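A short write-up of the structure that comes next.
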Amino acid sequence: MPITKLPGKKFTLTKSNTSINARILDVLRSKSHTYISGEELSRELKMSRTAVWKHINALRYVGYRIEAITSVGYKLVSSPSLLLPLEIKNGLHTECIGQNIHWEYESDSTNTLALHLAEKNASEGTVVVSESQKHGRGRMGRDWISQPEAGIYLSVILRPNFVPMKAPCLTFISAIALVESLDRVFGLKARIKWPNDVMIGGKKVAGILTELRAEMERIHHVIIGIGINVNNTRFPRALNNHVTSLTLELNQKVSRLALVRALLESLEKWYFVTLRDHPERTFERWRELSGTLGRHVEVNVGNGIVKGIASRLGPSGSLYVQLDSGEEQEILAGDVTMIEKV
Ligand code: BTN
């Protein structure tokens, strides 16, 4: 049964099942050219043949095609294209981010779910991912369109040991990680539009929503929510000239899994750089990948428009715009429109 037809469209793999299922898949993949008998599987996994059968059925339920021939054995024919923890972890090289993954077919919003899990002490680096969101949230109270299985919708829980003032750095590391992973996996040259939109050819391909719970002196947790348009082929008409997807850029359907892994790896690399007290390196990398600095911009700051040249970043991630008068104006939040394309 295809996953999209699952009753209630909601399915959660428990943590304990995840590791057993991962082991079953490892064994099946290690002998993908042949059938493995139930007896051999039960010996390798140190569990009864009935237990093996139950796990095989659970894997089939989430979309793995596993052939079974009586008196011969099992063979893995294909894997689902879902962002299942088992699949993300297979070949993920991180120490912390993504070591614990919570997956749901449909969530309200992965950021809301991550906030809830963080309140319940979910470990640092926990990733919450879902195939669709009913109420995906964007910056400044906007919605984030979350078509099922088309995009990547994920949130990462971090517990950095630094003062809330430094939190904007975390938005920067996510934008850097997005640009680096798009280049690494697809050779796509994306650029960052302040503060955290990722653009290709002047159109938005990914966005970041960073939310935190903190006191004056201490951050409890930060949720980094990342949405990427991957295999979307259509957008609402009003957005058509402003957004794009990887499939539209590359003219082909692409795999989301490799991108998620590369993204988590790059995110961890820059998180560690920032934690180990090198935020200046993060700022420097952001500037290198910026499509905003040095450009003529119009910034909608809510109660008006600021026009000028985006001149530099402030120490807490604000944007300075040089006005026609030569004066500089600091902008803490707003929507940037580039006068020339990125
Ligand atoms: C923006 O550019 O406005 C930010 C968009 C952030 C969308 C992502 S999708 C995963 C996570 N969950 C949400 O509800 N929002 C973020």
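Here the structure is a predicted model, which is why all the values come from computation and not from measurement.
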TODO: Mind checking salt bridge (Lys or Arg N to Asp or Glu O under 4.0 Å) for Arg285 and listing every partner two or more places apart, or none if nothing turns up?
DONE: Glu180, Glu288
Task: Between Thr282 and Thr274: side-chain donor-acceptor atoms closer than 3.5 Å - done: yes
Open item on the list: Could you see if Ile157 belongs to whatever hydrophobic cluster contains Val222? Use Ile, Leu, Val, Met, Phe, Trp, Tyr and a side-chain cutoff under 4.5 Å.
Closed with: no
Open item on the list: Using side chain to side chain contact (heavy atoms under 4.5 Å, CB included), reason through Gln99 and Lys89 one step at a time and then give a plain yes or no.
Closed with: CA-CA 7 Å; Gln99 290 308 306; Lys89 283 187 182 181; 5.6 Å; no
TODO: Sequence neighbours left out, what passes side-chain contact (heavy atoms from CB on, under 4.5 Å) with Asn90? Give chain and number order.
DONE: Arg29
- [ ] Take Lys134 and Glu106, measure what side chain to side chain contact (heavy atoms under 4.5 Å, CB included) needs, and give me the verdict at the end.
- [x] CA-CA 7 Å; Lys134 278 189 284 186; Glu106 183 182 69; 3.7 Å; yes
- [ ] Decide side chain to side chain contact (heavy atoms under 4.5 Å, CB included) for Val297 and Thr292; before the verdict, give the C-alpha distance in whole Å, the side-chain angles of both, and the deciding distance to 0.1 Å.
- [x] CA-CA 8 Å; Val297 292; Thr292 304; 4.2 Å; yes
TODO: Output every pair passing ring pair (Phe, Tyr, Trp, His ring centres under 6.0 Å) with a member in residues 198-228, not counting sequence neighbours, ordered by first then second residue.
DONE: none
Open item on the list: For Ser79 versus Leu76, what's the shortest heavy-atom pair and its separation?
Closed with: OG-CD2, 4.2 Å
Open item on the list: Could you tell me if Thr337 and Glu298 have a donor-acceptor pair between their side chains, going purely by distance under 3.5 Å?
Closed with: no
Open item on the list: Measuring from atom CG of Asn161 to atom CD1 of Ile219, what distance do you get when rounded to the nearest 0.5 angstrom?
Closed with: 9.0 Å
Open item on the list: Holding to salt bridge (Lys or Arg N to Asp or Glu O under 4.0 Å), I want the full list of residues that pass it with Glu124, two or more places apart in sequence or in another chain.
Closed with: none
TODO: Can you spot which of Thr110, Thr112, Asp143 makes a side-chain hydrogen bond (donor to acceptor under 3.5 Å, both in side chains) with Arg137?
DONE: Thr112
- [ ] Find out if a path of hydrophobic residues (ILVMFWY) with successive side-chain heavy-atom gaps under 4.5 Å connects Ile56 to Val72.
- [x] no
Task: Joint cluster assignment, Leu117 & Val156, ILVMFWY side-chain distance < 4.5 Å - done: no
Let me have the donor-acceptor pairs involving side chains of residues 228-235, under 3.5 Å, with sequence neighbours excluded, atom names and distances please.
residue, atom, partner, partner atom, Å
Asn229, ND2, Thr244, O, 3.0
Asn231, OD1, Val254, N, 2.9
Asn231, ND2, Val254, O, 2.9
Asn232, OD1, Val230, N, 3.0

Side chains of residues 36-47: which donor-acceptor partners sit under 3.5 Å, not counting sequence neighbours?
residue, atom, partner, partner atom, Å
Ser37, OG, Glu40, N, 3.0
Glu40, OE2, Lys31, NZ, 2.7
Ser42, OG, Glu39, O, 3.1

Task: Worked verdict on Thr171 versus Asn196 for side-chain hydrogen bond (donor to acceptor under 3.5 Å, both in side chains) - done: CA-CA 7 Å; Thr171 298; Asn196 53 12; 4.7 Å; no
- [ ] Would you name the heavy atoms of Gly136 and Ser109 that are closest together and state the gap between them?
- [x] CA-CB, 4.5 Å
TODO: Test salt bridge (charged side-chain N to carboxylate O under 4.0 Å, His left out) on Glu149 and Arg256 and set out the steps.
DONE: CA-CA 9 Å; Glu149 296 176 43; Arg256 294 176 302 159; 5.3 Å; no
Open item on the list: Tell me whether Arg139 contacts the main-chain N or O of Asp197 through its side chain, where contact means a donor paired with an acceptor under 3.5 Å.
Closed with: no
Open item on the list: How close do Ala190 and Leu182 get, counting heavy atoms only, and between which atoms?
Closed with: CB-CD1, 3.9 Å
- [ ] Please report the closest heavy-atom contact between Leu212 and Ala167, naming both atoms and the distance.
- [x] CD1-CB, 3.9 Å
Open item on the list: Glu330 vs Ser318, test: side-chain hydrogen bond (donor to acceptor under 3.5 Å, both in side chains). Steps then yes/no.
Closed with: CA-CA 7 Å; Glu330 183 179 18; Ser318 57; 2.5 Å; yes
Open item on the list: Rounded at 0.5 Å granularity, tell me how far CG in Leu246 sits from CG in Leu188.
Closed with: 6.5 Å
TODO: Output the distance between atom OG (Ser107) and atom CG (Leu154), rounded to the nearest 0.5 Å.
DONE: 11.0 Å
Open item on the list: Main chain of Ile223, side chain of Glu211: is a donor-acceptor contact present, judged purely on distance under 3.5 Å?
Closed with: no
TODO: Specify the closest pair of heavy atoms between Asp108 and Gln133, including all atoms of both residues, with the distance to one decimal.
DONE: O-CB, 3.5 Å
Open item on the list: Side-chain heavy atoms nearer than 4.5 Å, only ILVMFWY residues, links allowed to pass through others: does that put Ile208 and Ile145 together?
Closed with: no
Please output the side-chain donor-acceptor pairs of residues 303-314 that fall under 3.5 Å, not counting sequence neighbours, one pair per line with the distance.
residue, atom, partner, partner atom, Å
Ser311, OG, Tyr320, O, 3.0
Ser311, OG, Glu328, OE2, 2.8
Arg312, NE, Glu328, OE1, 3.2
Arg312, NE, Glu328, OE2, 3.3
Arg312, NH2, Glu328, OE1, 2.9

Open item on the list: What's the separation between atom CH2 in Trp103 and atom CG in Leu84, rounded to the nearest 0.5 Å?
Closed with: 5.0 Å
Task: Considering all heavy atoms, the nearest Arg60-Glu67 contact - done: NH2-C, 4.1 Å
TODO: Look only at the side chain of Arg261 and the backbone of Ile88, and say whether a donor-acceptor pair between them is shorter than 3.5 Å.
DONE: yes
Open item on the list: When you group the ILVMFWY residues by side-chain heavy-atom contacts below 4.5 Å and let the links chain together, are Leu257 and Ile152 in the same group?
Closed with: yes
Task: Where at least one partner belongs to residues 132-177, residue pairs that pass ring pair (Phe, Tyr, Trp, His ring centres under 6.0 Å), sequence neighbours excluded - done: Phe172-Phe283, Phe172-Trp286
TODO: Verify, without hydrogens or angle tests, whether Ser155 (side chain) and Asn111 (backbone) share a donor-acceptor contact under 3.5 angstrom.
DONE: yes
Task: Pair Glu249 + Lys203: basic N to acidic O under 4.0 Å - done: no
Open item on the list: Which residues pass the side-chain hydrogen bond (donor to acceptor under 3.5 Å, both in side chains) test with Lys189, not counting sequence neighbours?
Closed with: Asp183
- [ ] Measure the spacing between CD1 of Ile66 and CG of Leu59 and express it to the nearest 0.5 Å.
- [x] 4.5 Å
Task: 4.5 Å side-chain heavy-atom contact, Val243 and Val205 - done: no
Task: Gap separating the OH atom of Tyr271 from the OG atom of Ser174, nearest 0.5 angstrom - done: 11.5 Å
TODO: Under the ring pair (Phe, Tyr, Trp, His ring centres under 6.0 Å) rule, collect the residues that match up with Tyr64, sequence neighbours excluded.
DONE: none
Task: side chain to side chain contact (heavy atoms under 4.5 Å, CB included) between Val299 and Val321, worked out - done: CA-CA 9 Å; Val299 192; Val321 173; 4.2 Å; yes
Task: Listed partners of Glu95 passing side-chain contact (heavy atoms from CB on, under 4.5 Å), at least two apart - done: Glu268, Phe272
Task: side-chain contact (heavy atoms from CB on, under 4.5 Å) against Ala177, all qualifying residues, sequence neighbours excluded - done: Leu263, Ser266, Leu267
